[in-house]
Amino acid sequence: MLSSVPRSAALLACLAGLSCLPAIADEQHYNQVSLRAEVSSEVAHDRMHVTLYSEAQNQDPAQLAAETTRTLNEALRHARKSEGVIVSQGSRSSYPVYEEKGQQITGWRERAELRLESGDFAKLSSLTAELMQTLKMSGMHFSVSDPIRKQNEDALLKDAVAAFRARAQLATEALGGKDYKIVNLNLSNGGYQPVMRSAAMKFSMDSAPVPEVEAGTRQVSISADGVIEVLMP
């Protein structure tokens, strides 16, 4: 009959066996440096956006709605004749107008928007001037189209990587290293904000006022964030 091994002896044998295994330690990283590089360029706006509106007041809400619809439909028909101009309807709202004490409704006011977009600034400016004979302008702004933005970002991508490598080389030399390796690298769009500009109106006695526009530019940027490990001699 085999004799049983005491628990204490078995535990000691187990611990002895574990002590013979190679120690597992977290991998150590030395001489690691975090770096950031950013490049940017000025991109010309290639899209023009105009918002026009009709606003009127009437005691009869039905007549008011009909009047607003006629005005807007006429402007839509005229705008759609301009090739290369994207035409869309914006918001439309109607609300009551109260007397001074605010207790009794004396009429109704309605507002309807017409939105125009084009890459042909001259054509859209001329169309805007024509439509402003019956409509009013509430805003004008410019933007960069998606294809142009992407084209510029792709070009900046290579510049961002090159700028990061240049900084990595400078950091390596400053630390007295012989070379470096990139541990990780993240490329991201730095973002851009639309630049809002108002139109300068040029008046003529013989024609409708024509908006004289200056589209301007916006800044597109790409940033490169990463970590390098400097290799020492």
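Just so you know, these numbers use all the heavy atoms, side chains as well, and skip hydrogens, waters and symmetry mates.
- Looking at heavy atoms from C-beta onward, F164 lies out of side-chain contact with L187 at the 4.5 angstrom threshold.
- Nearest heavy atoms, G177 versus V230: CA-CG1, 3.7 Å.
- Atoms CD and CD, from E113 and Q89 in turn, are 10.5 Å apart once rounded to the nearest 0.5 Å.
- Across G176 and P233, no two heavy atoms sit closer than the pair O-CD, 3.4 Å.
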Would S54 and E67 count as a side-chain contact (heavy atoms from CB on, under 4.5 Å) if you check the C-alpha gap in whole Å, the side-chain angles of each, and the deciding distance to 0.1 Å? CA-CA 10 Å; S54 169; E67 178 186 347; over 6 Å; no

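- Looking only at distances, a side-chain donor or acceptor of R218 sits under 3.5 Å from a matching main-chain atom of F142.
- E55 has its side chain out of reach of S138: every pair of non-hydrogen atoms, C-beta onward, lies at least 4.5 Å apart.
- V161 has its side chain out of reach of K158: every pair of non-hydrogen atoms, C-beta onward, lies at least 4.5 Å apart.
- At a threshold of 4.5 Å between non-hydrogen side-chain atoms, the residues Y180 and V33 do not count as touching.
- Within a 6.0 Å sphere centred on CD of E100, heavy atoms belonging to other residues, nucleotides or ligands number 12 at most.
- In this structure the side chain of E117 never reaches within 4.5 angstrom of the side chain of S88, judged on heavy atoms.
- The minimum heavy-atom distance linking Q219 with S40 is given by the pair NE2-OG, 3.5 Å.
- When all heavy atoms of L35 and A168 are compared, the closest pair comes out as CD1-CA, 3.4 Å.
- Contact between T134 and T71 at its shortest, heavy atoms only, is O-CG2, 4.3 Å.
- With a 4.5 Å cut-off on side-chain heavy atoms, N152 and V144 do not count as touching.
- Residues passing the side-chain contact (heavy atoms from CB on, under 4.5 Å) test with V183, sequence neighbours excluded: Q32, V227, E229.
- Put simply, L170 and L185 are part of two different groups of oily side chains (I, L, V, M, F, W, Y) that touch within less than 4.5 Å, one to the next.
- Atom CG of N189 and atom OG of S223 lie 8.0 Å apart (nearest 0.5 Å).
- In this structure, the separation between CD on E38 and CZ on R36 is 5.0 Å, given to the nearest 0.5 Å.
- Atom-to-atom distance recorded for R115:CZ and S91:OG is 6.0 Å, nearest 0.5 angstrom.
- No side-chain heavy atom of R109 sits less than 4.5 Å from a side-chain heavy atom of R111.
- If you chain together hydrophobic residues whose side chains sit under 4.5 Å apart, W108 and L72 never meet in one group.
- In terms of heavy-atom proximity, A171 sits nearest to I228 at CB-CD1, 4.4 Å.
- To the nearest 0.5 angstrom, I222 atom CD1 is 9.0 Å from S41 atom OG.
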List the steps and the verdict of side-chain contact (heavy atoms from CB on, under 4.5 Å) for L131 and L116. CA-CA 11 Å; L131 293 176; L116 310 172; 3.8 Å; yes

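- To the nearest 0.5 angstrom, L114 atom CG is 13.5 Å from Y53 atom OH.
- Applying the salt bridge (charged side-chain N to carboxylate O under 4.0 Å, His left out) definition to pairs two or more places apart or across chains, none involves residues 163-189.
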Can you give each donor-acceptor pair under 3.5 Å made by side-chain atoms of residues 73-86, sequence neighbours left out, with the distance rounded to 0.1 Å?
residue	atom	partner	partner atom	Å
N73	ND2	T69	O	3.4
H78	NE2	E130	OE1	2.7

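- Checked by atom type and distance alone, the side chain of T68 pairs as donor or acceptor with a backbone atom of L64 at under 3.5 Å.
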